[in-house]
Every structure is written in structure tokens, then in C-alpha cells.
Amino acid sequence: MNHWSQVKEAAQSDAPIRLLILLVKLVPFPLLACLVPLVSLFYTLFSRRARQEAVRYQKQLLAFSQGEALRRPSAYRQISSFALCLVEKVAAWSGKASLDAVIFHDDDVAELKAQLAKGKGAMLISSHLGNMELLRCLASYGETGVSRNVPVIAIMDMEVSSHFSRSISALNSRYQMDIIPASSIGIDSLEKLQKTLADGGLVVVAGDRPSASSPERSIRTSFLGKDAPLPYGVYLLASLLDVPVYFVFSLRAKRSFFRPKYNMFVTKSDICFDCGRKERKLRTEALCRQFVKLLERYCLLYPYQWYNFFDFWLFSEGGDTHEQQGID
């Protein structure tokens, strides 16, 4: 089995994404959504890897939830959810999304908005469960629910999804604005992140995939009842930036196929890093553990919105793996 960064992008050229962009421009979303089941069926039948990895994840979820999250594995339902999410991403970057599509809840989102309104920055840790891209797109249009402009920097791996990234960038130049490639994090980029936070902005990064450039640098923790590698660098970065950290999940509401609505869940971490080096390492790992517990919770509630089509529990042999045991 390969590390996720070695898995080839489904589209082997820009053509499929460019065709999708054209369809999004010409066809109303409800009609375009009607094509998703057919395309998903084709992909389910002919992509052995996607089928295998969807079923692998769902079987693990099934065992962990003792049958409460789902009745039986269905690769088609997960692939269909991913296909719809892809259409939604293209539609959003085409300017066809608004904050009205986001459903906020009585959680820590009010505190996050108040902090941003005061000009104070924060770090958001998201995942590949659901559609966090929608929120980044809305932020690029200034739709954050905050009266002032909020600068946003996203840390992303641009190489693995190069065809998608290149096509969306051609559609909307805002897509690549203020993105720092995950492989190039260094002193210069750290200073840029700190400046953005000082200006009351947001730093956004996914916390569920080990580094593509240094996969051995991971935190080993239990996810859905089985040891999995989580990206050490993400949580180390949070400790270095030392700003409030919020875990954010954007998940498609049930029964919203033709006019999608997304539940936005925001949870503030209670971990701070005003401590010595040894304690900082423990708190870094504890931060990862908090994220994983929330990730498990939302996987149970939204089982088919998991868009990691690779062996999530795969470990690189050897390497500098950080054990995460006995941390409260």
C-alpha cells in the first residue's frame, strides 16, 4: 500500500475538471446534481482503489460504532458524496455560493466571530471530512460573518491534486491567493503566518493527513479503534504560532442534495502553550488527540462524507513516529 501522497489523482489531465467547470457555468445546479449518481456509478465500477478504500474505512467505522453509524459498507454512497462535493467546490469558486448555505450552531463560532471582529487572529484545523473548501472560498469573497475583512492563509499540498488546482486557478485567480504549500513551510513562511495572525487573520490547515514530504513525522494515535498516523507538523505549528486554535468541520446537511446546506461546527481547544519545551511536546500531542476525538464524532454522524481514499491506517516503516499514549 502507498502513502496518500503517492496515490495518483483520479483525473489524469485537466480536461475532466474543465468540462465540469463548463457544465457548472451552463447547467443549473439541481440538474447537474442529477448527473452525479450516474457518474458515481461509473467511477465505483471502474475504480478498484476507490472501492477498496471506501469499504476499508466503512468497515472500520462499522466495527467502531457497533453498527450504529451505518448498516453495511457502501462504496457507491461514499463516492457519490465525494462527486457531489466536487461539483459544489467548482460551483463555489464559480461564484455560486453564499454564506446562506452555511448553518451555524450554538457552539464556539460566536467566540470565534467575536475574536475576529476585534482584530485578533486564530488557527483553524479542519479535515478531509466534508467540504472545508466551501468556507475558504466564501472567506476569499469576504463572506465570513464578520464586518471587517479577514485575511486567510491556507496551508495545502498542491501537487497531489495538481489538475484540480490548476483548473480552478484558471477559473478563479482567488483560489491560489494566500496559499502556502505544505512542503515549503520554513522561517519565511512562518513569519508570513505570524503577520497574518497579527493582522487579525486566519491560518487554515487540515489536521488529518501526514506530511507528503515527511510522512515519517507523525503522531501515532487511535482513530476509530485502530492506530493511525496524524501529521505532527500541523500540531507543532499550532504550538509555535501560539494563538487560539479552533477545530472546524463543514458537513453537508442530510436531505440537501439539490440545494446543499452545510453544517459548520466550531470547537475551541482549551490547550495553550505557555509552558516549557517538554510540556509543550505533551500538549502538542494532546491537541492532536482533541482533534481526533471530534473527527471520530463527525464520522459517526456523517459516515459517507469521508474523502480520504487511501489506507488511513497505513504507517511508514521506521521513521520518527511520536507515540501518543497516556495524554489527558
Side-chain angles (χ1 to χ4, degrees), residues 1-9 49 52-53 56-57 60-61 64 123-130 132 154-161 180-186 189-190 193 203-242 245-249 267 269 271 273 275 277-299 306-328:
M1 297 299 296
N2 292 326
H3 182 264
W4 72 267
S5 60
Q6 298 172 311
V7 176
K8 292 183 178 180
E9 191 175 2
R49 176 183 58 80
Q52 285 182 330
E53 298 306 337
R56 184 198 307 276
Y57 152 74
Q60 192 64 40
L61 182 62
F64 180 77
M123 181 174 179
L124 306 186
I125 299 181
S126 63
S127 74
H128 292 85
L129 178 75
M132 191 61 189
I155 301 172
M156 301 172 58
D157 187 289
M158 303 294 288
E159 296 180 5
V160 176
S161 58
I180 295 180
S183 59
S184 66
I185 293 291
S189 53
L190 189 60
L193 295 175
V203 171
V204 184
V205 61
D208 60 342
R209 287 185 181 178
S211 168
S213 57
S214 302
E216 73 282 355
R217 295 278 290 172
S218 62
I219 297 175
R220 182 172 178 168
T221 186
S222 177
F223 172 65
L224 297 181
K226 186 177 180 181
D227 279 358
L230 276 292
Y232 179 73
V234 168
Y235 303 98
L236 175 63
L237 180 62
S239 73
L240 294 175
L241 294 175
D242 195 17
V245 174
Y246 293 82
F247 304 115
V248 182
F249 295 85
T267 302
S269 173
I271 295 174
F273 294 95
C275 56
R277 184 174 179 178
K278 184 176 181 180
E279 179 64 22
R280 180 182 296 268
K281 178 179 180 297
L282 294 175
R283 294 187 188 185
T284 298
E285 294 172 339
L287 184 68
C288 176
R289 184 181 180 183
Q290 284 187 342
F291 169 78
V292 170
K293 291 300 181 184
L294 287 171
L295 185 61
E296 287 178 333
R297 177 195 298 178
Y298 293 119
C299 282
W306 178 255
Y307 305 141
N308 284 307
F309 291 95
F310 62 93
D311 186 354
F312 195 81
W313 293 270
L314 176 68
F315 283 92
S316 297
E317 296 183 3
D320 181 16
T321 303
H322 296 257
E323 294 287 342
Q324 185 189 2
Q325 299 174 351
I327 301 172
D328 294 326

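Listed here is the closest heavy atom pair of Gly207 and Leu230: O-CD1, 3.2 Å.
Looking at Ile125 and Met123, their side chains come closer than 4.5 Å, going by heavy atoms from C-beta outward. No side-chain heavy atom of Thr267 sits under 4.5 Å from any side-chain heavy atom of Tyr246. Between Leu124 and Val205, the closest side-chain pair of non-hydrogen atoms is not below 4.5 Å. Contact of the Arg209 side chain with the Phe310 side chain is registered, since non-hydrogen atoms from C-beta on lie closer than 4.5 Å. Contact annotation: the side chain of Tyr235 never approaches that of Glu285 to less than 4.5 Å [non-hydrogen atoms, C-beta and beyond]. Ser239 places none of its side-chain heavy atoms less than 4.5 Å from the side chain of Arg283. Residues Asp208 and Phe291 have side chains in contact (heavy-atom distance under 4.5 Å, counting atoms from C-beta outward). Looking at Val204 and Ile155, their side chains never come closer than 4.5 Å, going by heavy atoms from C-beta outward.
Between the SG atom of Cys299 and the CG atom of Leu129 there is a distance of 4.5 Å, given to the nearest 0.5 Å. Between atom CE of residue Met132 and atom CZ of residue Phe249 there is a gap of 9.5 Å, rounded to the nearest 0.5 Å. For the atom pair Ile185 CD1 and Ile180 CD1, the distance stands at 5.0 Å (nearest 0.5 Å). Put simply, CD1 on Ile271 and CG on Leu287 are 5.0 Å apart, with the number rounded to the nearest 0.5 Å. Between atom CD1 of residue Ile219 and atom OG1 of residue Thr284 there is a gap of 7.0 Å, rounded to the nearest 0.5 Å. Here Leu314 contributes atom CG and Arg56 contributes atom CZ; the two are 8.5 Å apart, rounded to the nearest 0.5 Å.
Using modelled atom types, one side-chain atom of Arg280 and one backbone atom of Phe273 make a donor-acceptor pair closer than 3.5 Å. Distance alone, capped at 3.5 Å, places no donor-acceptor pair between the Trp313 side chain and the Pro229 backbone.
Judged as a ring-ring contact (aromatic ring centres under 6.0 Å, His included), and not counting sequence neighbours, the contacts of Tyr57 are Trp306.
Between Tyr307 and Phe309, the ring-plane angle classifies as parallel under the 30° and 60° cut-offs.
Note on Arg49 versus Glu53: no salt bridge recorded, every NZ/NE/NH1/NH2 to OD/OE distance being 4.0 Å or above.
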